[in-house]
Amino acid sequence: MSKQFKLERLVRPNIMALKPYSSARDEFTNFESDMVYLDANENPFPTEVNRYPDPWQKQLKAVLADQKKVPTDKMLLGNGSDEVLDILIRAFCEPAKDSVITLPPTYGMYKVLADIHHIKNIEVPLNEDFEPNLKEILKYNSERTKMLFICNPNNPTGNTFSEERVSTLLDSFNGIVVIDEAYIDFSEKKSWLNALAAYPNLVITQTLSKAYGMAGIRLGICYASAEIISVLNKLKPPYNVNSLTQSFAINRLKDKNKLKNHICSIIDEKNSLSKVLLQVSFIKSIIPSDTNFILCRVDDADFRYQQLIEHGIVVRNRSSQVLCENTLRFTVGTSAENTKLIHTLKKLEA
Ligand SMILES: *Cc1c(COP(=O)(O)O)cnc(C)c1O
């Protein structure tokens, strides 16, 4: 990143100039007092959800701010991180002109979103150790290369990138660096959240879909400078996080012990599963994982995938991705589910 970071240089001009939609709930915000609300054409009869949700999710953000130690003006919430990623691309990338960089093998949505918005996706594969190839990435530094997506820990490989490489990219890449931390709560490595103040071009995404066990409610979180967040706030749909999601998330986030127990149990299961998988004759290798999944190299991924389906187990075949020939990705399940997986794999050895 150049010494003088200028956000205006990166944001699309129409977004910079955008006057956002002003909702009824924006124009009158004094929720404390006992008012009669005749401003939003809602149905007045109580159904628990007859009122529009808080467009700024204040209560939920306050809980997250307390747990993550990030102020609420550095946060944007979305309908899953997929919506957050979509908002980011729409804020910075001009269709048919701009490009983004992704580092395959990685999460497939970055490319799909780039394709949807007609943004060129420059793919710079990881090296043999599944680390970012710095020299190659920085070759694409240009005014029109707006964003770099770093999935850390990475999906589908499960590893965390070297801290030094990531900080070099933050220092040297001219555009926005998005670090997708969907799996960070399974990892012992530290989050990049503490680096937000140091890098004006850093954006971090997290989600309640994985470690927090709430994939069904769709809640993704974007952390960035207050300056970046204020741009993103202009283009987010006014009521993108519904009231059921907001209240469910608040309740479950407060149950810290239960959350912690689930995460610990998944990590324990992953550690024991990793050991047993290596004893299966047709599993050639596994990549040490900082996540809740394990990528295994097998003798014949299509064949093993099909065999597992026939035994009632669905895994993910990642073989079509670069550097992932003959790999299967196993999500860590409950102890009973993992035992079933192991028994089945042992049976298939025969
Ligand atoms: C699962 C996953 C997500 C989660 O997306 P949501 O829309 O929040 O469910 C984001 N990034 C990566 C890398 C993932 O694997």
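Indexing begins at 1, ligand by ligand and atom by atom, following the structure's order.
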Got more than 12 heavy atoms from elsewhere within 6.0 Å of CD, Glu48?
no
Number the atoms of ligand 1 from 1 as they appear, then name those within less than 4.0 Å of a heavy atom of Ala182, with their elements.
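So the answer, numbered in order with elements, is 2 (C), 3 (C), 10 (C), 11 (N), 12 (C), 14 (C).
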Location of contacts on Lys210 toward ligand 1, heavy atoms closer than 4.0 Å:
side chain
Between Asp180 and ligand 1, which residue portion shows a heavy-atom distance shorter than 4.0 Å: side chain, backbone, both, or neither?
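Within the 4.0 Å criterion, Asp180 contacts ligand 1 through side-chain atoms alone.
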Start with the C-alpha gap between Asn154 and Thr106, add the side-chain angles, then the distance that decides, and say whether side chain to side chain donor-acceptor pair (under 3.5 Å) holds.
CA-CA 6 Å; Asn154 190 39; Thr106 193; 3.0 Å; yes
Looking at Lys68, Lys210, Lys260, which hits salt bridge (Lys or Arg N to Asp or Glu O under 4.0 Å) with Asp185?
Lys68
Any Arg218 heavy atom less than 4.0 Å from ligand 1
yes
Should Ser209 be counted as touching ligand 1, given the test is an N or O pair under 3.5 Å?
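For ligand 1, there is an N or O atom that lies under 3.5 Å from one belonging to Ser209.
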Could you check whether Arg304 makes a cation-pi contact with Phe282, meaning its NZ or CZ is under 6.0 Å from the centre of the six-membered ring and within 45° of the ring axis?
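Yes, cation above the ring, under 6.0 Å and within 45°.
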Heavy atom to atom 13 (C) of ligand 1, shortest distance: which of Cys151, Gly78, Gly80, Ser81 holds it?
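Heavy atom nearest to atom 13 (C) of ligand 1 belongs to Cys151.
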What are the two closest non-hydrogen atoms of Pro104 and Glu123, and how far apart are they?
CG-CB, 3.8 Å
Looking at atom 15 (O) of ligand 1, what's its closest protein heavy atom, distance included?
Tyr183 OH, 2.7 Å
Can you label the angle between the Tyr239 ring and the Tyr52 ring as parallel, tilted or perpendicular, going by 30° and 60°?
parallel
